[in-house]
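Here's the structure, in structure tokens; my notes come after.
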Amino acid sequence: MSKKIVKYEFNFKYKDEGFPALSDVKGDIEQGKCIVLCGSSGCGKSTFLRCINHLIPQFYEGELKGFCFLNGQDTKKLSIGEIGEYAASVFQDPRSQFFTTDSSAEVAFGLENFGFEHDEIVRRVDHVYKESALEKLKGRNVFELSSGERQMVAILSAKALDAQIFLLDEPTANLDFSAINQLSSLLKTLKEQGKTLIINEHRLYYLKDIADEYILMDEGKVVQRFTADEMNQFSEKELAEKKLRITDLEKINQTAPGNIQSTRMDTLKAENICFSYKKKSDQILSGVSMTAKTGDVIGLIGSNGSGKTTFGKLAAGLLKPTGGQFIFNEEVISCKQLLEKSIFIMQEAEFQFFSNTVMNEITYKKEVTPELKREIERLLKELGIWHCRNRHPFSLSGGQMQKLVLLLAYFSKKPIVILDEPTAGLDKKSLQSCIKIIEEMRQEKIVFIITHDLELISQICTECIYISKGKNVREFNLFQSENWGHLVECMQKSFSVSDNQRPLTQKKKKRLCDFRIKLIYLIAALLITATSQAYIIATTLVAALVLTLYERRFKTALISGGIAGMLYLLYFLFPQSIMGFLVHYFPRFILLWLALAAVAENGESARVTAALRWLHIPEDIIMICTVVLRFFPVLSNDLKIMEQSIKTRGIFVSIKEKIKFFPQYCEMIIMPMIFRVIRIAEMLSASAQTRGIDLKRKRQSYVTLHFNVMDVVMVILLAILVALGILLK
């Protein structure tokens, strides 16, 4: 008789919600089985997983009734971290649960929290990468990996803990076919090893040979349970009636959209478009050509990182080609002109909201007529978010945000629309609603869709262009029915992770200074800037500049030293009150900047964590520091995305407008960033809980730190210069 590894009964209502999220959800799960939670968005699938890993009620507040036993252990008697030893959690967006920027250190993070010895941590990290044939991902910057590669790292982080149960929340939401195939192979391996898999998922086809049972949920209740055989026998129509996606790609029926009756007919041509960020060796696109006209819905397909999104941003005027040209209605069009005619809707929905309500977001800078109000109401009801019209956009769920940004494109007067993964994470009903919106949109616009979603392509795309390694290598005219089979075969077999065109950072330079020394300098800077002694600040600043030069950050040292030197020189020449004020305060900021920059360089939070542990800093403070440093590597990229979002909406495009409306411009940049940081911080905190951050255990670090002679010299130099500042006083 099979062992029941999970037994549960849940009734739960979130705090301040008027209706229960789960009602009388009960049952058990056998060890070694794969259970798939399915149903429409908001039906309670994620809540179900949170009740198992105990994020509910310890992290997400509300009223929980019932019980849960994992491997015979009552979860009420365990902390979230202790449950993490039985049930490892993998969230939808790995970027929101990564604590470090190094893939190996990320896999080691949970092992550190659970108190493993250093040698065992290293052994397990090496083992999971080797066993999964993913050694090429070791020691990589996680923000340079594709979505699929990041998801692999997240699963390996769970696998390293050797938990018996894996909880996965929509793991394929942002993955291409090659990444999904990799994920499928990894899940099969876990199942063969006797692990129990509980997966919340909308995409079902890749689980065909893995799943043992499907639990269909609706409005917080279990509607039905199906065996794998029963589920695989349902037709596409029967699945749609249950609000479920296809379970077999062979069952997808292609229905090309019909011809349009448009009042306008625009044409956009891309001729030999090339693009590279800095060097020719970093070339992302190398000769992409295509033609599109009003009424066309062109699917841009290819592996994650192959150049699809880059082409979309070029077509929207957000990036300038390094080669080739765009032609609009037979005239060569500049990047600035293209920006005026195109709108780019990004995957990162939260970057694209600037108003305080859903309704205000749609009507922003538009003349609000009765006709517009009626049209907005119709479409909000069509998408099922009419009840959210007075809510702040950042309070919406991920799927609701996706629908809102689609409406921003619909109501834009621009004739070219580029949609980047518009149906990622959407259920069947929401998918059909979005298809209707795009069908209406194409009556007056040229539409490009960057997508991996075959169900979306089958019903709305008139043509698909396969981009591989920065080139369009194949085109599929979907008005010709025989091309559909060729497209499906191409997407299943031709996509490869080797298509990734992302430029990788050059091999890291030798670390010249131990991180513990950098922390000592930072602590000294914090203490000394709190004093009022100008001489101590000046001599400590000299020490920090020497450290910066030794670390070969010459540009930073030159700029910082030049500004400080200029201030001191001006004060010496003009010892007036204003110069005294500047000399008193500005060197403090420069000193803090140099010390913080040294610690945050390359975002190597794993080494900072190891250094803090060496200094016996409490773990709670260490985690706060880790989370803060976690944001440094991505802030500049996020700011670029924010600026692109403002540009594509046609807001404050020119420098003159930015200067004239500078406060409003800053607000538009900063507010979404604040909400994004809060959202990621919440997810990081939840991830930290499931990975044992609350456990009171002695921790060792994955990375090792080593003093050398120059480290000792740097400490002595700091001590001498601080002492000199005191004497000069």
Side-chain angles (χ1 to χ4, degrees), residues 264-278 280 282-294 296 298 300 307-348 351-354 364-367 405 408-420 441 444-450 470 636-669 672:
R264 61 187 301 164
M265 186 55 68
D266 298 313
T267 303
L268 178 69
K269 292 182 181 179
E271 291 187 347
N272 199 33
I273 298 297
C274 300
F275 181 78
S276 58
Y277 283 103
K278 291 182 180 178
K280 289 185 178 179
D282 293 338
Q283 196 163 51
I284 307 300
L285 295 175
S286 53
V288 175
S289 300
M290 63 183 70
T291 301
K293 62 183 184 301
T294 302
D296 287 346
I298 297 180
L300 301 177
K308 306 183 303 297
T309 297
T310 299
F311 177 81
K313 290 185 177 181
L314 287 162
L318 294 172
L319 298 174
K320 186 177 181 179
T322 53
Q325 61 186 5
F326 285 98
I327 300 173
F328 186 75
N329 292 342
E330 305 305 323
E331 292 185 6
V332 176
I333 188 170
S334 69
C335 186
K336 183 178 179 180
Q337 291 170 324
L338 198 52
L339 186 62
E340 294 171 354
K341 297 184 181 298
S342 305
I343 183 169
F344 183 88
I345 299 299
M346 307 172 185
Q347 278 183 271
E348 302 90 346
F351 282 112
Q352 299 166 85
F353 303 135
F354 309 118
Y364 187 78
K365 285 200 169 183
K366 292 182 176 65
E367 182 184 353
V405 292
L408 298 182
Y410 179 90
F411 285 105
S412 169
K413 293 182 180 180
K414 297 182 178 183
I416 303 169
V417 170
I418 301 100
L419 306 173
D420 194 357
M441 195 187 301
E444 300 291 333
K445 302 179 188 294
I446 300 168
V447 182
F448 291 94
I449 304 179
I450 301 163
S636 62
N637 182 60
D638 286 356
L639 286 170
K640 287 179 184 176
I641 295 175
M642 275 303 314
E643 188 175 3
Q644 289 176 344
S645 180
I646 290 174
K647 281 184 178 180
T648 199
R649 291 278 298 274
I651 308 168
F652 306 146
V653 175
S654 69
I655 296 177
K656 183 178 178 181
E657 287 179 311
K658 291 177 183 177
I659 295 173
K660 184 177 179 180
F661 300 100
F662 186 71
Q664 296 95 318
Y665 177 72
C666 288
E667 183 181 1
M668 283 189 167
I669 290 283

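This one's a predicted model, so the numbers in the text were calculated from it and none came from an experiment.
Side-chain contact check for K269 versus Q325: every heavy-atom pair is 4.5 Å or farther apart. Considering only heavy atoms from C-beta on, K366 comes within 4.5 Å of F411 through its side chain. T309 places a side-chain heavy atom less than 4.5 Å from the side chain of F344. Y364 places none of its side-chain heavy atoms less than 4.5 Å from the side chain of L408.
Heavy-atom minimum distance, M441 versus V447: SD-CG2, 4.3 Å. Of all heavy-atom pairs between D266 and I446, the closest is O-CD1, 3.8 Å. Between Q352 and V405, the closest heavy-atom pair is NE2-CG1, 4.0 Å. Closest approach of I418 to S342, counting heavy atoms only: CD1-CB, 4.2 Å. Taking all atoms of both residues into account, the shortest heavy-atom contact from M290 to F448 is SD-CE2, 3.7 Å. When every heavy atom of T310 is checked against every heavy atom of F275, the shortest pair comes out as CG2-CD2, 3.5 Å.
No more than 12 heavy atoms of other residues, nucleotides or ligands lie within 6.0 Å of NZ in K341, so this atom counts as exposed by the packing criterion. Around the NZ atom of K413, the shell of radius 6.0 Å holds no more than 12 heavy atoms that belong to other residues, nucleotides or ligands.
Residue I416 holds its CD1 atom at 12.0 Å from CD1 of I343, rounded to the nearest 0.5 Å. Between atom NZ of residue K640 and atom CZ of residue F351 there is a gap of 13.0 Å, rounded to the nearest 0.5 Å. Within the model, atoms CD1 of I327 and CG of N329 stand 11.0 Å from one another, a figure rounded to the nearest 0.5 Å. Once rounded to the nearest 0.5 Å, the distance linking CG of L339 with CG of L319 reads 10.5 Å. To the nearest 0.5 Å, atom CD1 of residue I284 and atom CD1 of residue I273 are 15.0 Å apart. Residue T322 holds its OG1 atom at 8.0 Å from CG of L314, rounded to the nearest 0.5 Å.
T294 places no side-chain N or O within donor-acceptor distance of the main-chain N or O of E444, the cut-off being under 3.5 Å. Between the side chain of D420 and the backbone N or O of I345 there is no donor-acceptor pair closer than 3.5 Å.
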Self-check item: side-chain contact (heavy atoms from CB on, under 4.5 Å) between Q644 and M346, worked out
Solution: CA-CA 10 Å; Q644 289 176 344; M346 307 172 185; 3.7 Å; yes
Quiz item: Between L338 and L268, is a side-chain contact (heavy atoms from CB on, under 4.5 Å) present by the stated rule, with each step listed?
Solution: CA-CA 10 Å; L338 198 52; L268 178 69; 4.2 Å; yes
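The aromatic rings of F326 and F311 lie tilted to each other, with the angle between the two planes from 30° to 60°.
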